[in-house]
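Remarks on the structure that follows.
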Amino acid sequence: MNYTNYFTNRPTDEITHDLIGRPLIYNEGKEKLGGYIVEAEAYMGKDDRAAHSYGGHRSPANEGLYRRGGTIYIYAQRQYFFFDVACQEENEPQGILIRAIEPVWGIDTMIKNRNGKSGVLLTNGPAKMMQAFGIHDKNWNLHFLSDSPFIIDLEDKHRKPAQEIIADKRVGINQSDPIWANKKLRYYVAGNPYVSDMKKRNYAKNNGWT
DNA sequence: GTTCGGATCGTCT
DNA sequence: GACGATCCGAACA
């Protein structure tokens with residue numbers, strides 16, 4: 001399975017669901033940083049009121065969404081950076097936002113990058129994950145995954161099986177269009193502590209893995 | 001443990 | 001000049 005096939009040929013929400021439990025790794029050359037994807041959101045393109053590409057809106061900042069599936073789309077929001085992967089063919093501006101990982105590789109370095117914050121606070125949000133990787137710019141925006149330090153491991157045997165994957169509404173979406181704002185396009189490992197806003201009382205045994 | 005409001009800056013109008 | 005696909009610390013329980 002290569003990135004092009006993986007990020008096209010299926011509906012974007014289906015790909016998003018499939019990414020849960022797969023390793024996401026960032027390796028600039030000196031050390032492997034990353035963990036298992038535990039939370040991600042699908043943005044369904046021109047019709048999706050919550051997407052940056054809603055209504056066909058196109059600008060230098062959201063150009064990445066219009067590139068071919070497997071292209072990295074990094075964007076800035078306030079002082080923070082977010083990591084997306086474009087889906088579908090070129091000019092079909094759909095994408096996936098990786099929201100959270102359960103840290104596994106290079107934890108000590110990621111804690112340093114996060115200014116000493118550890119535990120759940122290390123990577124339980126899209127901008128926190130980028131900080132943990134030490135990314136503070138859009139350097140890799142518009143690069144194809146295989147031409148970047150990012151690796152999404154598509155080997156099924158490396159995918160950590162979740163006990164249950166929940167579909168829920170996306171986070172931080174403007175409610176002006178309740179139809180799109182409430183669509184269940186966010187997927188996460190039930191009870192995993194690294195899912196953003198996961199309440200302690202909802203933590204699952206074995207972090208929600210089988 | 002959970003909620004609330006302010007910070008802060010790239011991007012588009 | 002206004003607005004976020006957020007984060008953090010302070011306040012309250």
Side-chain angles (χ1 to χ4, degrees), chain A residues 7 12-13 15-17 19-20 24 37-67 71-88 92-101 103 110-142 150 166-188 191-204:
Chain A
F7 289 104
T12 299
D13 50 349
I15 303 170
T16 310
H17 182 279
L19 277 176
I20 303 299
L24 169 64
I37 298 171
V38 297
E39 182 182 14
E41 290 177 349
Y43 286 86
M44 305 301 284
K46 297 175 182 170
D47 296 333
D48 184 349
R49 196 64 183 273
H52 291 160
S53 53
Y54 172 67
H57 173 73
R58 186 171 187 165
S59 72
N62 76 353
E63 175 66 22
L65 282 175
Y66 287 82
R67 301 293 177 87
T71 302
I72 293 170
Y73 167 44
I74 292 176
Y75 67 94
Q77 188 76 212
R78 293 182 166 79
Q79 67 271 51
Y80 306 117
F81 291 91
F82 299 68
F83 178 78
D84 284 46
V85 181
C87 290
Q88 310 309 330
E92 181 52 55
Q94 306 190 22
I96 295 170
L97 168 67
I98 309 296
R99 285 191 57 86
I101 61 173
M110 291 197 285
I111 291 174
K112 280 185 198 131
N113 289 341
R114 284 279 292 143
N115 230 337
K117 294 200 167 55
S118 62
V120 169
L121 294 177
L122 188 56
T123 51
N124 69 339
K128 297 177 191 178
M129 183 187 83
M130 291 294 264
Q131 285 178 9
F133 290 164
I135 297 172
H136 302 282
D137 56 46
K138 291 170 57 172
N139 193 34
W140 296 108
N141 187 38
L142 304 183
F150 290 94
I166 308 266
D168 205 347
K169 65 177 169 188
R170 294 169 291 186
V171 175
I173 304 298
N174 188 316
Q175 283 286 332
S176 60
D177 183 343
I179 303 286
W180 278 99
N182 294 321
K183 273 189 196 289
K184 298 189 171 179
L185 292 171
R186 176 169 69 113
Y187 299 91
Y188 61 88
N192 186 281
Y194 293 91
V195 173
S196 57
D197 256 347
M198 179 63 66
K199 303 294 181 227
K200 206 159 197 174
R201 61 174 174 273
N202 294 327
Y203 283 8

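Just so it is clear: chains get the letters A, B, ... in the order the sequence lines come, proteins before strands, and each one is counted from 1.
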Nearest to the [X] side chain among [options], which nucleotide is it?
X	options	result
A:Ile173	B:dT2, C:dA5, C:dG4	C:dA5
A:Lys117	B:dT11, C:dG9, B:dC9	C:dG9
A:Gln77	B:dT8, C:dA5, B:dC12	C:dA5
A:Tyr80	C:dC7, B:dT8, C:dA5	C:dC7
A:Arg78	B:dA7, C:dA5, B:dT2	B:dA7
A:Ala76	B:dA7, C:dC7, B:dG10	B:dG10
A:Ala61	C:dC7, B:dC12, B:dT8	B:dC12
A:Phe82	C:dG4, C:dT6, B:dC12	C:dT6
A:Lys128	B:dG10, C:dC8, C:dA5	C:dC8
A:Pro60	B:dC12, C:dC8, C:dA5	B:dC12

Starting from [atom2] on [N], measure out to [atom1] on [X] and report it in whole angstrom.
X	N	atom1	atom2	result
A:Leu121	B:dT2	CG	P	13 Å
A:Arg114	C:dG9	CZ	C1'	13 Å
A:Asp137	B:dT11	CG	C1'	17 Å
A:Met130	B:dC9	CE	P	17 Å
A:Glu39	C:dT6	CD	P	10 Å
A:His136	C:dC7	NE2	C1'	14 Å
A:Leu97	C:dG4	CG	P	17 Å
A:Gln131	C:dC8	CD	C1'	10 Å

What is the nucleic acid contact for A:Arg58, judged by heavy atoms within less than 4.0 Å: base, sugar-phosphate only, or nothing?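 No contact.
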
Give A:Gln79 one of three labels, base, sugar-phosphate or nothing, depending on what nucleic acid heavy atoms sit under 4.0 Å from its own.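 It contacts base atoms.
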
Using a 3.5 Å cut-off on both pairing distances, which stems of three or more Watson-Crick or G-U pairs include DNA chain C?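 Stems (3+ consecutive pairs) listed as B:1-7 with C:6-12, B:9-12 with C:1-4.
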
Those residues of residues 42-57 of chain A lying under 4.0 Å from DNA chain C by at least one heavy atom: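 Residues of residues 42-57 of chain A that come under 4.0 Å of DNA chain C are, in numerical order, A:Tyr43, A:Ala50, A:His52.
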
What are the two closest heavy atoms between [X] and [Y], and how far apart are they?
X	Y	answer
A:Pro103	A:Met110	CB-CE, 3.7 Å
A:Ala86	A:Phe7	O-CB, 4.0 Å
A:Phe150	A:Ile135	CZ-CD1, 3.4 Å
A:Leu185	A:Trp180	CD1-CZ3, 4.2 Å
A:Thr12	A:Cys87	OG1-CB, 3.5 Å

Run the ring-centre check on A:Phe83 versus A:Tyr75 and record whether the distance is less than 6.0 Å.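 When the ring centroids of A:Phe83 and A:Tyr75 are compared, they turn out to be at least 6.0 Å apart.
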
Is the shortest side-chain N/O distance from [X] to OP1 or OP2 of [N] below 4.0 Å?
X	N	value
A:Arg201	B:dT2	yes
A:Lys138	B:dC9	no
A:Lys199	B:dT3	yes
A:Arg99	C:dT6	yes
A:Arg170	C:dT6	no

Can any side-chain N or O of A:Asn141 pair as donor or acceptor with the backbone N or O of A:Ile74 at less than 3.5 Å?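 Looks like yes, one N/O pair under 3.5 Å.
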
Do A:Pro93 and A:His57 have side chains that get closer than 4.5 Å, going by heavy atoms?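 Of all side-chain heavy-atom pairs linking A:His57 with A:Pro93, none is under 4.5 Å.
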
Distance alone, cut at 3.5 Å: any donor-acceptor contact between the side chains of A:Thr16 and A:Glu41?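 A:Thr16 vs A:Glu41: no donor-acceptor pair found between side chains.
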
Steps toward salt bridge (Lys or Arg N to Asp or Glu O under 4.0 Å) verdict (A:Asp48, A:Arg170): CA-CA 12 Å; A:Asp48 184 349; A:Arg170 294 169 291 186; 2.7 Å; yes

For nucleotides 11-13 of chain C, which of its nitrogen or oxygen atoms have a protein nitrogen or oxygen under 3.5 Å away, and what is each distance?
none

May I ask you to check if A:Arg67 and A:Tyr73 form a cation-pi contact, with NZ or CZ under 6.0 angstrom from the six-membered ring centre and within 45° of the axis?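 Because its charged atom misses either the 6.0 Å distance or the 45° angle limit, A:Arg67 does not stack over A:Tyr73.
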
Would you call A:Asp197 and A:Arg99 a salt bridge, taking side-chain N to carboxylate O under 4.0 Å as the test?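 Looking at A:Arg99 together with A:Asp197, the answer is no, because their closest N to O distance does not fall below 4.0 Å.
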
Given the rule in the side-chain contact (heavy atoms from CB on, under 4.5 Å) test, do A:Asp13 and A:Lys184 qualify, once you have shown the distances and angles that lead to the verdict? CA-CA 9 Å; A:Asp13 50 349; A:Lys184 298 189 171 179; over 6 Å; no

So how far is it from A:Thr123 OG1 to A:Phe133 CZ, rounded to the nearest 0.5 Å?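 Taking OG1 in A:Thr123 and CZ in A:Phe133, the distance rounds to 8.0 Å.
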
